[in-house]
Amino acid sequence: QVQLVESGGGLVQAGGSLRLSCAASGRTSSSNVMGWFRQAPGKEREFVASIVWSSGRTDFADSVKGRFTISRDNAKITVYLQMNNLKPEDTAVYYCTAGRVAARAPSPYVSWGQGTQVTVSS
């Protein structure tokens with residue numbers, strides 16, 4: 001199994017930036033893809049971004065495309081979500097995830113972090 005530890009959440013004003021980090025440990029060899037989902041109160045868990053570990057290929061939700069970037073650090077087995085030009089609608093708990101295939105649905109992913117709160121004030 002893969003353990004995922006997230007950090008970097010917080011409170012920012014609209015237009016500001018945050019960088020989330022997710023460090024993976026354990027049986028990471030089976031984690032071909034890592035990514036981020038978010039969940040706001042009363043809403044379903046929503047895809048944000050993913051990255052294929054070996055190639056660096058990325059995918060982004062339309063709602064964040066052009067504002068967010070995802071990257072990886074091979075030496076530390078860590079993924080990052082750089083969030084720029086944040087909007088109040090980005091307010092949610094952000095979850096790091098890992099799995100074997102890239103997908104926009106949460107079901108194929110195997111491991112999940114504990115979540116980190118991102119709050120954007122207007």
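For reference, positions follow the sequence shown, starting with 1.
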Worksheet item: Can you find a heavy atom in the side chain of Trp112 that is under 4.5 Å from one in the side chain of Pro106?
Response: yes

Item to complete: Side-chain contact test, heavy atoms from C-beta onward, threshold under 4.5 Å: evaluate it for Ile51 versus Phe60 and give yes or no.
Response: no

Worksheet item: What distance do Phe37 atom CZ and Gln39 atom CD have between them, rounded to the nearest 0.5 Å?
Response: 11.0 Å

Practice prompt. Identify the two heavy atoms, one from Val79 and one from Cys96, that lie closest to each other, and give their separation to 0.1 Å.
Written response: CG2-SG, 4.1 Å

Discussion item. Just verifying a value: how many Å separate Ser30 OG and Gln1 CD, rounded to the nearest 0.5 Å?
Written reply: 10.5 Å

Worksheet entry | Atom pair CZ (Arg100) and CH2 (Trp53), whose distance is rounded to the nearest 0.5 Å | 15.5 Å

Worksheet item: Is the Tyr94 ring parallel, tilted or perpendicular to the Phe68 ring (thresholds 30°, 60°)?
Response: tilted

Worksheet item: When you measure from the side chain of Tyr109 to the backbone N and O of Val33, does any donor-acceptor pair fall under 3.5 Å?
Response: no

Worksheet item: Do you know the tightest heavy-atom contact between Ala24 and Met34?
Response: CB-CE, 4.0 Å

Discussion item. If you compare all heavy atoms of Gln82 against all heavy atoms of Ser17, which two are closest, and at what distance to 0.1 Å?
Written reply: NE2-CB, 4.0 Å

Worksheet item: Does the side-chain contact (heavy atoms from CB on, under 4.5 Å) test come out yes or no for Arg67 and Asp90, once each step is laid out?
Response: CA-CA 11 Å; Arg67 299 187 297 120; Asp90 296 317; 2.7 Å; yes

Worksheet item: Shared ILVMFWY cluster between Tyr95 and Val2, side chains joined below 4.5 angstrom?
Response: no

Discussion item. Going by side chain to side chain donor-acceptor pair (under 3.5 Å), name the pairs with one or both residues in residues 113-122, residues two or more places apart or in two chains.
Written reply: Gln117-Thr119

Discussion item. Run the salt bridge (charged side-chain N to carboxylate O under 4.0 Å, His left out) test against Glu46 and tell me which residues pass, sequence neighbours left out.
Written reply: Arg38

Worksheet item: In the single-linkage hydrophobic clustering (I, L, V, M, F, W, Y; side-chain heavy atoms under 4.5 Å), do Leu18 and Val93 co-cluster?
Response: no

Item to complete: Supply the atom-to-atom distance Trp36 CH2 to Ser50 OG, rounded to the nearest 0.5 angstrom.
Response: 13.0 Å

Discussion item. Show me the pairs that pass side chain to side chain donor-acceptor pair (under 3.5 Å) and involve residues 3-13, at least two apart or across chains.
Written reply: none

Worksheet item: Between atom OG of Ser54 and atom CG of Asn74, what is the distance when rounded to the nearest 0.5 Å?
Response: 9.5 Å

Worksheet item: Does Ser25 offer a backbone N or O that forms a donor-acceptor pair with the side chain of Thr28 under 3.5 Å?
Response: no

Worksheet item: Applying the side chain to side chain contact (heavy atoms under 4.5 Å, CB included) test to Leu81, which of Val118, Leu20, Thr69, Val64 qualifies?
Response: Leu20

Worksheet, complete the sentence: Output for pair (Ser111 OG, Leu4 CG), nearest 0.5 Å, gives 5.5 Å

